[in-house]
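Structure record follows, encoded as structure tokens.
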Amino acid sequence: MSGVLYVVGTPIGNLGDITARQLEILESVAVIAAEDTRVTRKLLTHFDIHTPLVSYHEHSTQSVLDGLIARLVQGESIAVVTDAGMPCISDPGAKLVLQAQAENLAIQVVPGPSAVISALAVSGQDTTRFCFEGFLSVNKKQRNAHLAALKHETRTMIFYEAPHKLINTLKDMAAVFGGARSLSLCRELTKLHEEVVKTTFAHALAHYESIPPRGEFVLVVAGASAPEADEKMTAETALSLVRARVAQGARAADACREIAAETGISKRELYRKLMDESEA
């Protein structure tokens with residue numbers, strides 16, 4: 001009989017947020033696949049848990065992934081964790097779950113804190129409909145394409161950002177969404193210096209250009225208002241959506257066909273413009 005892959009959430013800052021079930025699973029499995037074994041070891045030590053750790057992160061080779069799957073097939077149960085919060089959300093744990101599913105192995109979730117949901121809950125922004133956009137690419141072209149594709153998004157948008165990149169990210173977002181767009185900056189959630197500030201891009205930039213940002217941030221950005229969302233779709237706007245999908249790995253022809261179906265802009269026109277850009 002094969003083992004069980006447990007997807008285990010861990011505290012995002014306050015160790016008091018650990019649950020009895022999380023502790024039970026972390027202590028009972030054969031091994032814990034951890035994003036950073038040093039971080040997870042501190043958590044385990046605090047709760048006097050001595051389960052072996054295996055390093056599993058975004059740069060791990062396929063052989064590491066295959067080794068974990070092999071252990072599950074042989075009957076060992078494994079817990080996958082990230083440094084903080086729920087694994088598999090903007091996290092390599094997703095690949096492990098995908099391969100375990102392909103092998104028809106048992107998978108169970110042991111839920112815990114999530115920075116995405118925690119930030120949304122205290123942001124003061126609309127929580128009715130939202131989308132999680134993760135980290136923006138460090139590649140400027142891909143980052144701009146990603147943001148351009150969200151210009152008319154009416155749902156509340158949630159992003160992760162590191163302090164050393166915050167100012168440039170705010171500038172790029174302000175250029176697309178406008179300086180008056182509302183956002184909430186959620187910093188160091190559940191930690192000693194937790195802070196949630198609802199403001200605008202213009203005010204946020206003015207603040208952090210004078211006071212260097214510190215701590216990990218979750219940005220909760222208000223969606224576009226109805227007039228913005230109803231703005232007539234132009235060929236250039238549709239092309240920006242095509243660029244975003246290509247930047248995310250889609251084939252040019254597929255991206256043009258999908259956006260043409262969504263916007264009504266000619267697929268041939270979009271493909272021609274995209275090819276003209278690549279040849280320029």
Side-chain angles (χ1 to χ4, degrees), residues 58 89-91 94 115-117 119-120 123 125-162 165-186 200-202 204-205 217-280:
E58 62 178 328
I89 309 299
S90 283
D91 175 79
V116 177
I117 300 302
L120 179 65
S123 68
Q125 303 291 348
D126 180 17
T127 62
T128 307
R129 299 177 68 235
F130 63 92
C131 55
F132 174 57
E133 298 296 326
F135 286 100
L136 291 171
S137 173
V138 295
N139 178 285
K140 188 171 181 63
K141 183 177 180 181
Q142 292 180 356
R143 183 170 67 251
N144 289 341
H146 187 166
L147 290 173
L150 295 171
K151 182 175 181 179
H152 302 288
E153 176 60 68
T154 57
R155 295 172 295 179
T156 299
M157 298 166 281
I158 307 172
F159 301 83
Y160 285 158
E161 195 51 277
K165 296 192 296 183
L166 181 67
I167 292 176
N168 285 336
T169 293
L170 291 175
K171 287 179 179 177
D172 290 340
M173 288 182 169
V176 174
F177 301 135
R181 179 78 69 92
S182 175
L183 84 154
S184 298
L185 297 107
C186 306
T200 64
F201 280 106
L205 271 170
F217 285 81
V218 182
L219 307 182
V220 185
V221 182
S225 62
E228 291 177 279
D230 293 339
E231 183 179 297
K232 183 179 179 181
M233 178 66 68
T234 65
E236 182 55 38
T237 302
L239 185 59
S240 71
L241 299 176
V242 171
R243 294 192 201 104
R245 296 205 182 178
V246 170
Q248 293 166 3
R251 292 175 60 250
D254 292 340
C256 290
R257 183 182 67 255
E258 293 167 2
I259 297 303
E262 294 174 12
T263 65
I265 304 297
S266 164
K267 171 189 170 183
R268 181 177 298 178
E269 179 182 1
L270 291 172
Y271 190 80
R272 178 179 56 78
K273 287 179 178 292
L274 191 65
M275 291 302 100
D276 288 344
E277 283 186 350
S278 64
E279 294 171 0

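Side chains included, hydrogens not; waters and symmetry mates left out as well; all remaining heavy atoms used. Throughout, residue positions are numbered sequentially from 1 according to the sequence presented.
- Note that CG of Leu270 and CZ of Arg243 are 10.0 Å apart. Values are rounded to the nearest 0.5 Å.
- Val246 and Ala252 make their closest contact through CG2-CA, 4.0 Å (heavy atoms, listed as atom of the first residue, atom of the second, distance).
- Leu185 is listed as a side-chain neighbour of Leu219, based on a closest heavy-atom distance under 4.5 Å.
- Contact check for Thr154 versus Arg129: side-chain heavy atoms found under the 4.5 Å cut-off.
- Across all their heavy atoms, Leu147 and Val176 have their closest contact at O-CG1, 3.5 Å.
- In terms of heavy-atom proximity, Gly134 sits nearest to Ser90 at CA-OG, 3.9 Å.
- Here the CD1-CD1 distance, from Ile117 to Ile158, works out to 6.0 Å after rounding to the nearest 0.5 Å.
- When side chains are defined from C-beta on, Val221 counts as touching Phe201, because their heavy atoms get closer than 4.5 Å.
- Scored by the salt bridge (charged side-chain N to carboxylate O under 4.0 Å, His left out) test, Glu269 finds no partners at all (sequence neighbours excluded).
- Contact annotation: the side chain of Asp172 approaches that of Lys140 to within less than 4.5 Å [non-hydrogen atoms, C-beta and beyond].
- Counting heavy atoms from C-beta outward, Asn168 and Lys165 have side chains that stay 4.5 Å or more apart.
- Among all heavy-atom pairs drawn from Gln125 and Ser182, the shortest one is NE2-OG, 2.9 Å.
- Atom CZ of Arg181 sits about 7.0 Å away from atom OG of Ser225, to the nearest 0.5 Å.
- Interatomic distance, CG of Asn144 versus CG of Asn139, reported as 9.0 Å (0.5 Å rounding).
- Atoms SG and CD1, from Cys256 and Ile265 in turn, are 12.0 Å apart once rounded to the nearest 0.5 Å.
- Among all heavy-atom pairs drawn from Thr200 and Ala180, the shortest one is CG2-O, 3.6 Å.
- Here the straight-line distance linking atom CG of Leu150 with atom CG of Leu136 works out to 8.5 Å at 0.5 Å rounding.
- Within 6.0 Å of OH on Tyr160 lie more than 12 heavy atoms contributed by other residues, nucleotides or ligands.
- Two residues are said to be in side-chain contact when any heavy atoms from C-beta on lie closer than 4.5 Å; Ser137 and His146 fail this criterion.
- In this structure, Leu239 and Glu277 have side chains that are in contact, with non-hydrogen atoms separated by less than 4.5 Å.
- Salt bridge annotation for Asp254-Arg257: present, with a cationic side-chain nitrogen under 4.0 angstrom from a carboxylate oxygen.
- For the residue pair Ser123 and Ser184, the shortest heavy atom distance occurs at O-OG, 2.6 Å.
- When each of Leu183, Thr127, Leu120 is tested with Val220 by the rule side chain to side chain contact (heavy atoms under 4.5 Å, CB included), just one qualifies, namely Leu120.
- Side-chain atoms of Thr128 and Asp126 form a donor-acceptor pair, as typed in the model, at a separation below 3.5 Å.
- For Phe217, the ring pair (Phe, Tyr, Trp, His ring centres under 6.0 Å) partners are Tyr208, not counting sequence neighbours.
- With sequence neighbours excluded, no residue satisfies ring pair (Phe, Tyr, Trp, His ring centres under 6.0 Å) with Phe159.
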